[in-house]
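A short worksheet on the structure shown next.
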Amino acid sequence: MANDIQNIINKTELNLQDLSQLLNLEGEEQKLLFRKAEEVQLKYVGNKVYYRGLIEFSNVCSKNCYYCGIRKDNKNVERYNISDDDIVNAAVFAWKNRYASIVIQGGERSDNHFVNRIDHLIKRIKEATNAEIGITLSLGEQTKETYQKWFNSGAHRYLLRIESSTKELYEQIHPKDELHHFNTRLNCLHLLRKIGYQTGTGVMIGLPGQTFDDLARDLLFMKEFDIDMCGMGPYIEHKDTPLYKERHKLWHIGKRFNTALNMIAVLRILMKDINIAAATALQAIDPMGREKALKHGANVIMPNITPTLNRKNYQLYENKPCIDEGAEDCGNCMNMRIELANREVGLGQWGDSKHYFNRTNP
Ligand code: 5AD
Ligand code: SF4
Ligand code: FES
């Protein structure tokens with residue numbers, strides 16, 4: 001059996017069935033997969049891990065995704081919106097600590113005021129950091145004009161998870177209305193790529209009703225779309241959301257975690273030179289979750305630099321780590337974690353996706 005697995009791992013083309021089988025591995029066979037993923041990682045992207053200081057600047061959201069704790073209709077969340085000055089200060093903290101890049105993430109909004117505010121912020125952050133800090137946006141679905149505007153102002157990477165590339169599953173976890181179309185999501189990813197962003201996507205792993213074949217198709221989707229970056233992690237149920245009532249269908253939390261690690265390892269083998277983030281949700285399950293991902297494929301990590309006061313209100317899922325810590329704490333803790341994983345921090349380096357520059361098709 002271990003021999004069979006070794007054969008699959010060494011194939012040059014992995015098909016749906018191979019991928020599905022690899023995603024299901026545990027124990028000794030999983031170790032074979034992990035070994036290969038680490039080998040590919042060290043060979044193609046090296047042993048450096050890059051920081052993206054994460055600023056969760058607002059939990060005000062206009063959408064109602066069934067899985068998310070800050071969805072519009074959840075009345076049990078206190079809404080916040082960090083001031084422009086505090087956002088710029090967080091970016092300056094990242095820059096001074098040589099994080100080199102930040103991620104600006106928040107609930108999804110697309111009103112003019114919001115679009116212009118972000119535009120203004122991108123410019124202010126560039127100014128305040130001597131144009132040295134790299135800016136990744138994670139602000140959901142927007143128009144072509146908005147994406148272009150933000151790109152022109154200096155953002156150069158964008159994260160927009162497809163959540164699930166299986167349309168039926170996507171539709172089961174989102175309301176059926178104009179605001180939550182699978183095709184819009186897909187179209188946005190195409191726009192981002194066309195504009196010239198380093199484009200990242202990802203999925204949730206272990207959604208109610210999701211199968212290994214669904215997840216294998218997600219990996220093939222990423223390969224076919226030719227993404228530059230990926231952030232994906234386990235689905236973690238939140239009691240104040242509609243999807244909570246489906247929890248009887250869920251895989252045991254350990255299985256969701258294990259499968260998430262397998263997804264990262266297999267994606268590393270499938271797309272050797274992309275950037276893969278060790279998702280924070282991994283640490284909500286296992287205190288060493290993110291380190292485990294860094295050992296077997298992931299090369300990006302996102303220390304939280306959101307002002308501590310606001311962190312407790314940005315809980316997309318339960319058990320989120322680092323709620324009471326400050327930016328300094330997370331920074332120090334993170335350095336230690338990366339050393340433990342036998343990796344080196346790529347301080348002061350943007351750590352752009354190598355794949356973006358290696359791409360042959362635009
Ligand atoms: N569990 C895990 N991940 C979640 N996200 C939202 N809600 C949850 C949850 N309950 C993820 C989505 C989204 C990203 C910002 O957070 O994939 O794209
Ligand atoms: Fe809003 Fe994003 Fe949560 Fe959906 S996943 S409700 S868009 S914050
Ligand atoms: Fe936030 Fe460890 S990374 S406290």
Side-chain angles (χ1 to χ4, degrees), residues 1-2 4-5 8-9 18-38 41 66-69 161 163-164 166 169 172-173 202-219 230-241 243-270 276-298 300-302 315-323 333-334 337-338 340-343:
M1 188 64 186
D4 293 354
I5 295 301
I8 296 177
I9 290 172
D18 299 329
L19 294 170
S20 197
Q21 208 176 332
L22 293 179
L23 293 177
N24 206 348
L25 296 182
E26 298 171 3
E28 285 307 308
E29 292 181 336
Q30 186 183 41
K31 284 193 188 138
L32 295 175
L33 167 68
F34 284 176
R35 202 169 304 145
K36 175 73 176 186
E38 179 166 27
Q41 176 179 11
Y66 289 157
Y67 43 86
C68 176
R161 288 188 178 179
E163 315 296 0
S164 168
T166 305
L169 189 53
Q172 279 164 27
I173 60 173
V203 295
M204 283 179 286
I205 299 150
L207 287 161
Q210 194 178 36
T211 63
F212 283 107
D213 278 2
D214 290 329
L215 291 167
R217 270 190 291 273
D218 289 337
L219 294 175
C230 178
M232 57 184 168
Y235 163 69
I236 300 171
E237 65 273 32
H238 190 302
K239 64 178 181 342
D240 296 328
T241 63
L243 208 56
Y244 195 64
K245 68 175 186 313
E246 308 278 318
R247 65 189 182 283
H248 60 280
K249 292 190 195 157
L250 289 173
W251 290 340
H252 174 264
I253 193 83
K255 180 165 172 183
R256 276 178 264 162
F257 177 79
N258 202 44
T259 309
L261 287 184
N262 289 350
M263 282 284 281
I264 291 175
V266 176
L267 182 63
R268 174 56 70 203
I269 297 171
L270 201 61
I276 305 179
T280 311
L282 289 167
Q283 202 182 317
I285 301 180
D286 179 334
M288 296 291 281
R290 287 189 285 185
E291 292 74 355
K292 289 180 181 166
L294 294 177
K295 289 280 304 158
H296 315 116
V300 164
I301 198 161
M302 313 203 307
Q315 297 199 55
L316 310 189
Y317 45 85
E318 289 170 18
N319 261 332
K320 193 163 171 252
C322 312
I323 299 285
C333 170
M334 201 68 89
R337 286 166 178 278
I338 290 172
L340 280 175
N342 212 3
R343 295 284 176 269

* With sequence neighbours left out, write down each residue that passes salt bridge (Lys or Arg N to Asp or Glu O under 4.0 Å) with Arg161, or none if nothing qualifies. =>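 With sequence neighbours excluded, Arg161 shows a salt bridge (Lys or Arg N to Asp or Glu O under 4.0 Å) to no residue whatsoever.
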
* Asked: In chain order, what residues pass the salt bridge (Lys or Arg N to Asp or Glu O under 4.0 Å) check against Lys36, with sequence neighbours excluded?
  -> none

Show the nearest heavy-atom pair for residues [X] and [Y], with the distance to one decimal.
X      : Y      : value
Pro321 : Thr280 : CG-CG2, 3.7 Å
Leu294 : Ala278 : CD2-CB, 4.1 Å
Ala216 : Leu19  : CB-CB, 3.7 Å
Ile236 : Ala281 : CD1-O, 3.5 Å
Tyr317 : Ala284 : CE1-CB, 4.0 Å
Ala260 : Leu282 : CB-CD2, 3.8 Å

* Structure fact -> The side-chain contact (heavy atoms from CB on, under 4.5 Å) partner of Gln210 among Ile173, Thr259, Leu215 is Leu215

* Give every residue pair that meets the salt bridge (Lys or Arg N to Asp or Glu O under 4.0 Å) criterion with at least one member in residues 251-270, sequence neighbours excluded. =>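 For residues 251-270: Glu237-Arg256.
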
Could you tell me if the side chain of [Y] sits less than 4.5 Å from the side chain of [X], heavy atoms only?
X      : Y      : result
Leu261 : Phe34  : yes
Met204 : Tyr67  : yes
Met288 : Lys295 : no

Kindly write out the residues that satisfy side chain to side chain contact (heavy atoms under 4.5 Å, CB included) with [X], not counting sequence neighbours, or none if the list is empty.
X      : answer
Asp18  : Ile8, Lys11, Leu14, Asn15
Pro208 : Tyr235, Leu243, Glu246, Lys249, Leu250
Leu316 : Cys68, Ile70, Tyr314

Determine yes or no for a side-chain-to-main-chain donor-acceptor pair under 3.5 angstrom, with [X] supplying the side chain and [Y] the backbone.
X      : Y      : value
Glu318 : Lys239 : yes
Arg217 : Thr166 : no
Glu29  : Asp4   : no

* Asked: Side-chain donor-acceptor pair under 3.5 Å between Asn258 and Glu26, yes or no?
  ->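 No, no side-chain donor-acceptor pair sits under 3.5 Å.
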
* Side-chain donor-acceptor pair present, Asn319, Gln283, cut-off under 3.5 Å -> no

* Asked: Is the closest basic N to carboxylate O distance between Glu38 and Arg35 below 4.0 Å?
  -> no

